[in-house]
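Structure record follows, encoded as structure tokens.
All values below come from the heavy atoms of this structure, side chains included, with hydrogens, waters and symmetry mates left out. The structure displayed is predicted, hence computed values, not measured ones. Labels below follow one simple rule: chain letters A, B, ... track the order of the sequence lines, proteins then strands, and each chain is numbered from 1.
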2 protein chains.
Amino acid sequence: MNHNTYICRMESDCIKCSVKPKVAGVACVCCLDPSKTNHATVQFVKGDMIIKQGNYSTNVAFLRKGMVKIHLAGPSHEQIVRIVKAPAYLGLPTTFGNKINQYSITAISDAQVCYIDIDFFRALLKENEQFSYGIILELCKNELESFRRCANRTQKQARGNLADMILDFATNIFESDTFLLPISQSEMANLVDTSRESISRMLSEFAKDGVIRMTGKQLEIVNKNSLLLISQNG
Amino acid sequence: MNHNTYICRMESDCIKCSVKPKVAGVACVCCLDPSKTNHATVQFVKGDMIIKQGNYSTNVAFLRKGMVKIHLAGPSHEQIVRIVKAPAYLGLPTTFGNKINQYSITAISDAQVCYIDIDFFRALLKENEQFSYGIILELCKNELESFRRCANRTQKQARGNLADMILDFATNIFESDTFLLPISQSEMANLVDTSRESISRMLSEFAKDGVIRMTGKQLEIVNKNSLLLISQNG
DNA sequence: TATGTATTGTGATTCATATCACAAAATATT
DNA sequence: AATATTTTGTGATATGAATCACAATACATA
């Protein structure tokens, strides 16, 4: 896997920006940058680190294409907080907070990120209230989601959380009941708060019970109801 | 305990608002409401529910005085997400999101809440960019805090989390090494993700080991270093 | 194609904690 | 003060899941 990244200014591409501003908050700023001089697009390969915990942050990043994982160093091991797919802003909390990235973001598929000049971004927030309202909205949604997830992870037992992960992939990320698992089993473990071995065991178990079908990283949900039951659990 | 609440319009009190706008985001809107007609102050008693999960929300709430717990119904039991003390906005995510409260907020001390008309609040966001920037800042801080907490709670073991809770009370909430625990042991359990029994055992253990001293709900940190060690753990 | 590296599968064992089951305090409420 | 109700203390037991320890693949690159 080649982790070289290259910067390419894609202003022309940004003009006919493929990421249409559906909701104000998740529009690429490119679309709002008439001079097209305040942003640059960077291509990442699967495995590349886009934002690195502990580094000083100078830009706002907007994920135009691809999938990433948000992760941070926990007290004993790496914790994957969430999987995010385009389009989405990355690392907003850092942008506003203390400038030091509090978590890392790594591409788990090839990805395209638009870096936006921070001053330009701030100016935009000021003058475009639609936009800033959209950002607030997105932040709020994230907070609620965080709460929900945290409660689940700590209260449910491992199989319930794994079921949730699978359902989340199918429903929110891939929007299909068949998909290629974008992360390894140890990553799943860090996402779902178990051990790698438990993930392996549980996946085989789900397969044996006819809940899912697996061929390598290809996963198919065979019995969604069972999965939902496991999620609600007992 | 008497849970009757009464509404009292305290416009005069709000004029000489004791909650000075230090940071834009955590200023009571009262201070920015010249006509003083868009807000009302309500007094709550310890134990009162200020915001109820599942209810429709019509106002923005600003906690002027007191302490509250943010909690939500988890899959198996109530989860306390965080303890918050004044001054702070309560339930912003709901305000912007879908209007149905996604979590409850309950007073754990007597508390004073300022309810602000939502349209007024929005208008303010629009016209006062300082203010909206402050709100964004606070939301971002919350998100980071959520991540950190979630990683800790799931990775550390029980005694580490309890140590963290005690340190958090001392450092952030009471700003003193001696304080009155504002919640019961079962609440602590829900905050720290253990069982009530474990909390009881661990507290006695900490006391036996000379890390803390306890007389009823009065807690004194005797050896902060030990507590920090337990937090980092092993 | 070959060789090193990362990922996955599976058993045996250990361990931290939840649960259960009461007793004892402490706090409300009449 | 007297009774009810919530909170707390503590032992015994059960259990989910981590850890350890390898074997077996799969994958990447020389």
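Under the 4.0 Å criterion applied to side-chain N and carboxylate O atoms, A:Lys141 and A:Glu138 are not assigned as salt-bridge partners. Under the 4.0 Å criterion applied to side-chain N and carboxylate O atoms, A:Lys85 and A:Glu175 are assigned as salt-bridge partners.
Distance CD (A:Gln155) to C1' (D:dG16): 16 Å, rounded to an integer number of Å.
Counting any heavy atom pair closer than 4.0 Å across all strands shown, B:Ser200 reaches a base atom.
Around atom NZ of B:Lys217, more than 12 heavy atoms belonging to other residues, nucleotides or ligands sit under 6.0 Å away.
When the nucleotides C:dT17, C:dG9, C:dT10 are ranked by their closest atom to the side chain of B:Thr194, C:dT17 comes out on top. Each of C:dA18, C:dT10, C:dA21 was ranked by its minimum atom distance to the side chain of B:Ser198; first place goes to C:dA18. Closest to the side chain of B:Gln185, out of D:dG9, C:dT8, D:dT19, is D:dG9.
A:Thr171 contributes no side-chain N or O that, together with a main-chain N or O of A:Asp168, makes up a donor-acceptor pair within less than 3.5 Å.
Proximity of A:Gln157 to the phosphate of D:dT15: no side-chain N or O atom is located under 4.0 Å from OP1 or OP2. Under 4.0 angstrom from either OP1 or OP2 of C:dT8 there lies at least one side-chain N or O belonging to A:Lys217.
Inspection of the B:Lys65 and B:Ser109 side chains reveals no N or O donor paired with an N or O acceptor under 3.5 Å. Side-chain N/O atoms of B:Asp193 and B:Gln79 include a donor and acceptor closer than 3.5 Å.
Contacts with DNA chain C (heavy atom under 4.0 Å) in residues 68-84 of chain A: none are found.
Between B:Ser186 and B:Arg201, the one whose closest nucleotide on DNA chain D sits nearer the 5' end is B:Ser186.
In terms of polar N and O atoms assigned as donor or acceptor, the side chain of B:Arg196 comes within less than 3.5 Å of the base of D:dG9 in a complementary pairing.
Rounded to 10 degrees, the angle separating the terminal helix axes of the helix from C:dT1-D:dA30 to C:dT30-D:dA1, each built from five base pairs, is 60°.
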